[in-house]
Amino acid sequence: MAGRDELTSYQYRQMRARILRASDVCIMCGHAASDAVDHIVPVARGGARRDPGNLAPIHGVDGCPTCGRKCNNDKGDKLLSEVKRLQTSVDWYAGPQ
Ligand SMILES: [Zn+2]
Ligand SMILES: [Zn+2]
């Protein structure tokens with residue numbers, strides 16, 4: 001999956017910093033304090049890897065300080081329309097945090 005146009009970590013950090021400066025409201029749960037960015041349309045689904053317009057704030061490995069979700073984990077390679085559906089039925093997921 002990793003191709004020649006894989007972002008270097010430097011490029012990723014630059015892009016992440018720019019996006020989080022503009023907004024830190026998570027695309028998954030809608031709370032602030034995102035510390036990561038993720039592709040809105042996953043690269044695996046044909047989304048542009050390097051297009052800042054395809055990147056949005058999301059809660060990373062530490063999860064959301066407000067609702068506790070691991071938003072980036074939850075999203076994975078799914079489209080937002082698919083995860084939004086999951087979000088409304090999040091009750092069924094009562095696994096260990
Ligand atoms: Zn979130
Ligand atoms: Zn949240």
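Hydrogens, waters and symmetry mates are skipped; everything else that's a heavy atom, side chains included, is used. Counting starts at 1 for both ligands and their atoms, in listed order.
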Legend entry - Atom name, H31 (N, O or S, nearest to the Zn ion (ligand 2)): ND1

Inset, instruction - Calculate the angle formed at the Zn ion (ligand 1) by SG in C26 and ND1 in H59; 10° precision is enough. - result: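 The SG/ND1 angle about the Zn ion (ligand 1) sits at 100°.
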
Inset, instruction - Indicate yes or no for a side-chain donor-acceptor contact from N54 to the backbone of A48 under 3.5 Å, with no hydrogens or angles considered. - result: yes

Legend entry - H59 side chain to A32 backbone, donor-acceptor under 3.5 Å: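 Between the backbone of A32 and the side chain of H59 there is a qualifying donor-acceptor contact (under 3.5 Å).
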
Legend entry - Euclidean distance, I19 CD1 relative to R21 CZ, rounded to 0.5 Å: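 Going from the CZ atom of R21 to the CD1 atom of I19 covers 10.5 Å.
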
Legend entry - Where the Zn ion (ligand 2) is the vertex, angle from C64 SG to C67 SG to 10°: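 My answer is 100°, to the nearest 10°.
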
Legend entry - I27 reachable from V83 in the ILVMFWY side-chain graph, under 4.5 Å edges: yes

